[in-house]
Amino acid sequence: MRIVLPLSGVVAAVLAWHLAVAAAPGTLIPTPWQSLAAIGELAQKGLLVRYVVASLFRVTWGYLAALLLAVPLGMLLGLWRRGEYAMNPLMQILRPISPLAWIPIAILWFGVGDIAAMFLIFLASLLPLTMTTIHAVHNIETVHLSAGRNFGLTSRELVRSVVLPAILPQLIVGMRITLGIAWLVVVAAEMIAVNSGLGFLIVDARNAGNRYDLVVAGMILIGVIGVGLDALMRKLEQLPFLRWGYVSE
Amino acid sequence: MKVEIRNIGMAFGSVRVLENIELGVNAGEFVCLLGPSGCGKSTLLNIVGGFIPPTEGTVTIDGEPVTGPDPRRIFVFQERGVFPWLTVEQNIGFGLFKQSDAEKRERIAHYVQLVGLRGFEKSYPRELSGGMKQRLEVARALAVNPDVLYLDEPFGALDSITRLQMRRELLRIWHAERKTILFVTHDIEESVQLADRVVVLSARPGRVQSIVNIDIPHPRDLSDPRYIALRDEIFGEIGLAHQV
Amino acid sequence: MSEHRNVERVVLPLVVGGLLLFLWHVAVKVSGTTIFPSPLAVTKGIRQLPHLGAYVADSLLRVGFGYGLAVLLGVPAGLALGWWSALARAANPLMQMLRPISPLAWMPLAVIWFGVSNVAPIFLIFLASFFPVVLATMNGVRNVPPMYMQAGRNFGLSTAALIRRVIFPAVLPRVLVGLRIAFGVAWLVLVAAEMIAVDSGLGYMIIDARNAGKRYDLVIGGMLIIGVIGLLLDTMIRLLERLKFVRWAFHE
């Protein structure tokens, strides 16, 4: 029974899509079937794996680089009140600036290519991850910090045995959300600056001959992988040593 | 007989939580449902209030069967039940949509006075203490002039000193308005201090283990030998030694 | 003591900001670059731009329409999904699938449907802000404490009155937060949306400046203006949280 409702929702949507296209003859928009066929075509040409891997590759490295910087930075600013005061307005001004606005500068500094794209992913993930970490540090129960000090922990030990485990549940949620953002941005970045990947696929398919079935195929792949990445991150939240941090739904 | 509870049984799936509850409550009576956590007393109150349909049995009030919630029988939760987006006045006036403006104002003023919240009419719940919020909820319940009040461990979130004060307040209001009251608690002392009769429920599945008549007049002296005797009787019923 | 903190809150960022500007200026001078502008060059370039006001207005208009539409359609949709859980379960897979697709990826389809005009960017902004609004509203409804609904029914409220007098006020704070976040998303997507062939707006200014003549001073200037306006608008929406009818949820 649990599968029936979601399934019927999907079926209804696909049906509506098909009917809408069928009712508009001469439209460039492909039917669901045509889009699936296009995915098959990509697989045949060996491009499917290549493009997906290219996109995932860029996301992974840009995201990890951001993570490596954001967590220590976030912990520092979360614990050091003055540091946060100093940096906060700067972060608030940078936050509304779309990563895509950095494209001209990225290309200036790194030229057109993978590095520019990874730089954009890095930028897109850095601020959300940092702010999530700061927020998580602020949310640590003061009693836990007090207990740590009471037991005579040094600052480094405090960070390792209290702060880090305490922020982990919230951090993982923030990581999941930021990964979603990174995935969104990689597509956009690939539409501008590189010549492989799912974003490139969409732009190229349209420019090189109005292959809208490939365009929609690309969108479907992006959606599916996005859901997959999100599901993977959600699995992390299930780990026993993290579950304490999540209120039961 | 104001409230008649006949052969009430309740099961959630395969778990039986209530078994064969029979109880009659007279008009103007104060009855406590007492039992340990999980014995189903809150469930029973929800059934009597019409929020949950029972698996078996019926509840009738003034001869009418209970089929759903009704403004003639108002449920009082813990103080979290007041609406945080309304002032004290607006909360109390919440159920008064059938009255004229003038009547509304009069009623609200009366109940603000009755529960001792004068001066706080325009305050919001977040500005009130726990005890005050509880009193607000009682005022809101009373304002619609119900026949019966259901109270589900209303003082549970309050500190013990405030609890004693609130019990006195509740009895004062009850004497003034003479409503029928069904009060759920796990606190033995509380039940003996408040009720005309204490219905002791067993652990799950909840059954009526015994009904103890508290025949002491109000105000009840906590050092009175009769009070202590009745309290010890209930301790015994529940199976607790009165030594810590 | 708290006055001390407020002074720190203003002084420290100013010091850091000033330091960064100084380092930026020095880096430009020392490296002898002719392309990357110094802070002064950026201010000069922006001030000399004749269309700046028009660009800002166009961007605000596009965001306004796209976001406004998202709110108009998204709030009722979220309310419906929150109230009828069956509906939510049916719609969920579709929403999950559509969510990771960057608005920019909708660009080709948008151009087919709306041609090269103002409508396409507005559509992209609408798409981007629609989901956050729906989700926030839906979760708001789901999280109304059952106690409030029970009390409402207890006092004899009809379903319409229940929605109007209990659910609506109870959801409002959460919906407001969702609306604020959704606006942030809309503003962010603006740049992407204006990369389709429009010829005005802040996003356009950034992309076009680079293409049309290496005007990096306008690029950076545009970025900073986007940042500051975005922050201002976010702050203004936050002020709404002070309104009487929602204040109860934010200031315990």
Side-chain angles (χ1 to χ4, degrees), chain A residues 2 4-10 12-13 27-29 81-90 92-105 107-109 180 183-188 191-192 198-199 202-203 205-206 210 212 215-216 218-220 222-227 229-230, chain C residues 5 8-17 20 35-36 86-87 89-94 96-109 111-113 184 187-192 195 202-203 206-207 209-211 214 216 219-220 222-224 226-231 233-235:
Chain A
R2 264 207 199 142
V4 172
L5 267 176
L7 203 65
S8 49
V10 174
T27 180
L28 293 163
I29 303 202
R81 184 172 42 93
R82 288 221 174 91
E84 204 213 328
Y85 287 170
M87 299 302 295
N88 194 40
L90 182 68
Q92 295 300 334
I93 291 187
L94 287 177
R95 197 155 57 131
I97 304 179
S98 165
L100 299 184
W102 289 85
I103 287 183
I105 296 194
I107 296 187
L108 178 67
W109 284 345
W183 183 244
L184 220 72
V185 172
V186 84
V187 167
M191 292 175 110
I192 316 288
L198 292 169
I202 292 182
V203 159
R206 180 180 152 257
N210 280 353
Y212 285 95
V215 168
V216 176
M219 290 168 75
I220 296 178
I222 293 171
V224 168
I225 296 182
V227 171
L229 288 173
D230 189 86
Chain C
R5 285 203 187 180
E8 279 182 356
R9 274 213 169 103
V10 173
V11 169
L12 283 172
L14 283 177
V15 167
V16 166
L20 283 170
I35 306 180
F36 204 86
L87 201 67
R89 261 180 291 147
N92 193 38
L94 190 65
Q96 295 301 337
M97 262 288 292
L98 292 177
R99 205 150 56 117
I101 305 180
S102 162
L104 216 61
W106 289 86
M107 224 207 305
L109 293 183
V111 173
I112 295 184
W113 288 327
W187 188 249
L188 216 70
V189 170
L190 179 71
V191 172
M195 282 158 99
L202 291 167
I206 294 178
I207 301 301
R210 182 209 156 226
N211 289 334
K214 312 275 189 193
Y216 284 95
V219 168
I220 298 184
M223 288 165 71
L224 289 173
I226 288 181
V228 169
I229 294 184
L231 178 59
L233 292 172
D234 183 87
T235 311

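Order of the sequence lines fixes the chain letters, A, B, ..., with proteins taken first and strands second; residue numbering starts at 1 for each chain.
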Review point. Looking at Pro96(A), Gly180(A), Ala101(A), which has the largest count of heavy-atom pairs under 4.5 Å with chain C?
Key: Pro96(A)

Exercise for review: Flag the one option from Val10(C), Val11(C), Thr235(C), Leu12(C) with the top tally of heavy-atom pairs under 4.5 Å to chain A.
Suggested key: Leu12(C)

Check your understanding: Are the side chain of Trp106(C) and the backbone N or O of Met219(A) linked by a donor-acceptor pair below 3.5 Å?
Key -> no

Check your understanding: In terms of heavy-atom proximity below 4.5 Å to chain A, should Ile112(C) be classed as side chain, backbone, both, or neither?
Key -> side chain

Revision key, fill the gap. So CZ of Arg9(C) and CD of Glu84(A): to nearest 0.5 Å the spacing works out to 8.0 Å

Practice item. Examine whether an atom of Val187(A) lies under 4.5 Å from a heavy atom of chain C, and if so say whether it belongs to the side chain, the backbone or both; otherwise answer neither. Key: side chain

Check your understanding: Under a 4.5 Å heavy-atom cut-off, does chain A meet the side chain of Leu202(C), its backbone, both or neither?
Key -> neither

Check your understanding: Side chain, backbone, both or neither: which part of Ala91(C) has a heavy atom under 4.5 Å from chain A?
Key -> neither

**Study point:** Rounded distance [0.5 Å steps], CD1 in Ile105(A) versus CE in Met223(C)
**Key:** 4.5 Å

Exercise for review: Output the option from Pro103(C), Gly230(C), Ala105(C), Gly184(C) having the highest count of non-hydrogen pairs under 4.5 Å with chain A.
Suggested key: Ala105(C)

Study note, to complete from the structure: Of Ala13(A), Gly218(A), Gly226(A), Ala86(A), the largest count of non-hydrogen pairs under 4.5 angstrom with chain C goes to Ala86(A)

Point to revise | Main-chain N/O of Ile97(A) paired with Trp102(A) side-chain donor or acceptor, under 3.5 Å | key: no

Practice item. For each of Ile29(A), Leu94(A), Val185(A), tally heavy-atom pairs with chain C at distances under 4.5 Å, and name the one with the top tally. Key: Ile29(A)

Point to revise | Option that, when pairs with chain C are counted at under 4.5 Å, heavy atom only, ranks first among Val216(A), Val224(A), Val203(A) | key: Val224(A)

Practice item. Tell me, for Ile229(C) versus chain A, whether the close heavy atoms (under 4.5 Å) come from the side chain, the backbone, both or neither. Key: neither

**Study point:** Which atoms of Val15(C) approach chain A - backbone, side chain, both or neither, heavy atom under 4.5 Å
**Key:** neither

Point to revise | Between CG on residue Leu100(A) and OG on residue Ser102(C), distance to nearest 0.5 Å | key: 7.0 Å

Review point. So, for Gln92(A) and Leu231(C), which heavy atoms are closest and what is the spacing to 0.1 Å?
Key: CB-CD1, 3.6 Å

Revision key, fill the gap. Scored by heavy-atom pairs under 4.5 Å with chain C, the best of Leu7(A), Asp230(A), Ile222(A), Val215(A) is Ile222(A)

**Study point:** Contact origin within Leu14(C) toward chain A - heavy atom pairs under 4.5 Å
**Key:** neither

